[in-house]
Each structure stands twice: as structure tokens, then as C-alpha cells.
Amino acid sequence: GPAAVGGGGGRDRHLRDAAADGAAGLDRQPYRGAGTAGDGAAGVLAQSIGGGGGAGGGGAALAFGRDGDGTADLADLQPDDATVASSSFYPAANSWATLAYEDAWPQKGDFDFNDLVVRERFQSLLNTQGKMTGMIISGFIDARGGAFRNGFALRLIQQPTSLIKSASVTVAGTTRALEPETKQSNPVFLLWNDSATYTTTGETGSCSHFNTIKTCQNFAPVPYSLEVRFNTSIVPISHAQLDFFIFRSDFRGREIHFADYPPTDRFDKTQFGKFDDTSKIAEGRYFRTQKNLPWALKISEPWRYPREY
């Protein structure tokens, strides 16, 4: 999917945009193949707008922006924030990726991948130099058909916990500050602890599931967003370095990740190799069955997930 790049042109003269390959939508490879250099960089290097005169004149303010980042206000994504001038998207500014999970791990379950279905869009926030200074993840909870109660989380692979300056999450219109989870090597954010909290149907039996039973009432998807700001600017990260996973609400040590994504430090590794799981840490093999079936899918577009009949 193409990345949507912010920034662009001046009235009288301008320096060219600096846009590297758009990260955000080209990387679909598993964790072991994830790269960082050049991923998703997009931004306006500088822009000069004509008019105005000498020291203290309005022309200088227009040329360098009122936040002083060198990007003119009209082209600046956030003209009052010197750390954000433009952004790029995965899969695109007007589309979504789909994350779908089977929650019976380490058993196979029914493999309909509707135990939790989440749409998401990744927006990289970039400064004038094209470095990443934060990000916004937004989307919807589309369906919850799992037999277990599961939370939803995100880990930033290959990044230190010290990178995080601030974070907040909004689910179903309620916003709260969010701290990275403790005792983790990488930043891990628990967006919510129990998907059922936000997807209650008010029904009993099979209709207590959310948007997975064809004969039950259909509900509007539940919106969410996560905004994170960094302490320092970094080379933009790719979508493959976003490790979205689910975890058991009453057992934090049970996590379900995409195939070949290793678990977090909070995971109970004694579960590996049981029932249908064939994970082998020494081989970098994780969350696969003997026939290489995964328990989580990442699809680069909206997906019509299976329903129960």
C-alpha cells in the first residue's frame, strides 16, 4: 500500500520535499526480516515563503514557521509543534489494515480468526528532517468472538523503553494517559485489558459475542486511538516493527503474536511446545503449528472476517 506523505510546496519558491520510500506500506515481511533504515521517512525539509522584510519581520515568521522548525505554517502538519512537520501512513491515509486473532493458543481452536478482529492505521509523525518523533495508531474493534477474555497490546520492536516521552489511549471516546508496561526490554502498551469491556452486547448465549454471529444484532465498530511521543527523534520505523498481540485478561503470561514474532519479557515460556504449538526459541520459530499455521494474521486492507452460522 502506498504511504501518504504530508508537506509540500510554497507560493514563491521552495526547497524540495525530502521523502524517502514510504515505509509505511511496503513492509509485510515477518519480524526477522524487518528493517529500519529509510523506512517511512517523509517530510518537508524547508520552505521559504516570499514577503516580509528584515529582522523581526513577518516574512521570517512565515518562512520558518511560528514554531521555528523551518517549515512554513501552511505546509506544517502541526504548526505549533516544532517536533512535527509532516506524517506518513500505513496502509494509507484513507484505508486500514486488519489484525485477526485465534485465541485458543497453544491449541489450534477453530481457526476462524474472529476471536478478536481489529482495524488499524499507522501514522508516523515526522520532524522537518524526516525523523520520527512519535506516532498515532487509530482504528476500530470490529469483532469479538473468542471464548476467552483477552486484552490488546502493542510492542515497539528494537526500541528502548527510554524512547517514550508520553502516551495516551482513547477507547470508545474515553481518553487516559498510558505508561509503558514495566519489566519490559521494549516499550509495551496495553491498550485495553479486556476486549469484552468495550464490546458488550447486552445479549446472552452466542449473541453475547460481538459482530460474529450472523443471526444476532450487528453493532457499530468501537473506535480507538493511541498517540505516542518520543524523547528523541529516530529513523522512522516500519509497520513490521509494530508487534500487535493479544494476551489473556486473567493470565498476563499468555500472549498470542504473529508467526515468528517472539513474545515479550512478561510471557511464560513454559507454554511453548505444548498441544499444537511448535515454537523453538533457538530457531527463531514462534507461534506456528507443525504445518506452519499461525494464530494471528496481519492483512494490509479491510477484511471480511468469517462469521458463525
Side-chain angles (χ1 to χ4, degrees), residues 28-34 97-120 139 141-157 181 183-186 188-199 206 208-213 239-300 303 305-308:
R28 301 178 187 169
Q29 55 190 319
Y31 162 67
R32 288 179 295 178
T98 304
L99 313 173
Y101 298 88
E102 184 64 38
D103 72 354
W105 186 91
Q107 299 181 32
K108 285 192 294 188
D110 58 9
F111 265 74
D112 56 10
F113 287 95
N114 67 10
D115 293 339
L116 185 65
V117 181
V118 175
R119 266 181 292 162
E120 62 91 9
I141 307 173
D142 283 329
R144 174 191 52 80
F148 302 102
R149 300 178 84 94
N150 299 294
F152 181 67
L154 169 65
R155 173 178 55 171
L156 303 185
I157 292 176
E181 192 175 32
K183 300 179 181 180
Q184 296 279 17
S185 301
N186 306 123
V188 174
F189 298 101
L190 307 185
L191 278 73
W192 56 83
N193 291 308
D194 186 351
S195 301
T197 300
Y198 303 101
T199 56
S206 61
S208 64
H209 296 305
F210 184 78
N211 293 346
T212 59
I213 308 296
H239 191 263
Q241 292 173 268
L242 304 183
D243 177 21
F244 295 97
F245 65 94
I246 62 174
F247 61 93
R248 194 66 57 82
S249 298
D250 59 359
F251 178 21
R252 178 61 189 86
R254 176 160 293 182
E255 303 173 353
I256 300 175
H257 296 254
F258 303 122
D260 293 338
Y261 278 61
T264 77
D265 298 334
R266 293 266 191 156
F267 179 79
D268 179 3
K269 295 180 181 178
T270 64
Q271 302 169 96
F272 278 149
K274 294 184 177 180
F275 296 99
D276 298 303
D277 178 68
T278 61
S279 297
K280 295 181 180 179
I281 298 175
E283 298 177 9
R285 179 185 179 89
Y286 298 97
F287 300 100
R288 291 179 181 266
T289 69
Q290 185 177 8
K291 294 184 177 180
N292 289 319
L293 296 175
W295 277 267
L297 299 175
K298 181 192 298 183
I299 302 162
S300 60
W303 183 51
Y305 57 87
R307 293 189 181 240
E308 312 285 350

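Note that the numbering runs from 1 along the sequence shown for the chain. Any value given below was found using the heavy atoms of this structure, including those in side chains, with hydrogens, waters and symmetry copies removed. Please read all numbers here as calculations on a predicted model, not as lab measurements.
Looking only at side-chain heavy atoms (C-beta outward), Tyr198 and Trp192 come within less than 4.5 Å of each other. Residues Val118 and Thr98 are not in side-chain contact: their nearest non-hydrogen atoms beyond the backbone lie 4.5 Å or more apart. In this structure, the side chains of Ile246 and Trp105 stay at 4.5 Å or more apart for every pair of heavy atoms. The closest side-chain heavy-atom distance from Phe113 to Ile299 is not below 4.5 Å. Looking at heavy atoms from C-beta onward, His239 lies in side-chain contact with Phe244 at the 4.5 angstrom threshold. Put simply, the side chain of Leu190 reaches to within 4.5 Å of the side chain of Arg252, judged on heavy atoms.
Interatomic distance, NE2 of His257 versus CZ of Phe267, reported as 7.0 Å (0.5 Å rounding). Atoms CG and CG, from Asn150 and Asp250 in turn, are 9.0 Å apart once rounded to the nearest 0.5 Å. Atom OG1 of Thr212 is separated from atom CZ of Phe210 by 10.0 Å, given to the nearest 0.5 angstrom. One finds the CZ atom of Arg254 at 7.5 Å from the CZ atom of Phe148 (value rounded to the nearest 0.5 Å). The structure places CD of Glu181 at 11.0 Å from CZ of Arg155, a figure rounded to the nearest 0.5 Å. Note that OG1 of Thr264 is 11.0 Å distant from CD1 of Ile157, once rounded to the nearest 0.5 Å.
Closest of all the heavy-atom pairs between Arg149 and Ala196 is NH2-CB, 3.6 Å. The minimum heavy-atom distance between Trp303 and Ala100, with the atom names listed, is CZ3-CB, 3.5 Å. Contact between Pro106 and Trp295 at its shortest, heavy atoms only, is O-CZ2, 3.6 Å. Between Asn114 and Arg307 the shortest heavy-atom distance is ND2-CA, 4.3 Å. When every heavy atom of Asp142 is checked against every heavy atom of Tyr305, the shortest pair comes out as O-OH, 3.7 Å. The minimum heavy-atom distance linking Asp268 with Phe251 is given by the pair OD2-CZ, 3.8 Å.
With sequence neighbours left out, Glu102 forms a side-chain hydrogen bond (donor to acceptor under 3.5 Å, both in side chains) with no residue at all. Legend: residues meeting salt bridge (Lys or Arg N to Asp or Glu O under 4.0 Å) with Glu120, ordered by chain and number and at least two apart, are absent.
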Does the side-chain contact (heavy atoms from CB on, under 4.5 Å) test come out yes or no for Asp277 and Tyr286, once each step is laid out?
CA-CA 8 Å; Asp277 178 68; Tyr286 298 97; over 6 Å; no
Can Ile141 and Leu116 be said to form a side-chain contact (heavy atoms from CB on, under 4.5 Å), step by step?
CA-CA 8 Å; Ile141 307 173; Leu116 185 65; 4.0 Å; yes
Walk me through it: do Glu308 and Ser206 pass the test side-chain hydrogen bond (donor to acceptor under 3.5 Å, both in side chains)?
CA-CA 9 Å; Glu308 312 285 350; Ser206 61; over 6 Å; no
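Looking only at atom types and distance, the side chain of Thr199 has a donor-acceptor partner in the side chain of Arg144 under 3.5 Å away.
Taking the six-membered ring where the residue is Trp, Phe272 and Phe287 present perpendicular rings, their angle passing 60° and hence far from 30°. Ring geometry, Phe258 versus Tyr101: the interplanar angle falls under 30°, so the pair is classed parallel (tilted spans 30 to 60°).
The backbone N or O of Asp276 lies less than 3.5 Å from no partner atom in the side chain of Thr289, so there is not a single donor-acceptor pair. At distances below 3.5 Å, not a single donor-acceptor pair connects side-chain atoms of Asp103 with backbone N or O atoms of Asp115. Distance alone, capped at 3.5 Å, is enough to place a donor-acceptor pair between the Gln271 side chain and the Gly253 backbone. Asp265 places a side-chain N or O within donor-acceptor distance of the main-chain N or O of Ser185, the cut-off being under 3.5 Å.
The existence of a salt bridge linking Asp260 and Arg288 is confirmed by a sub-4.0 Å separation between a basic side-chain nitrogen and an acidic carboxylate oxygen.
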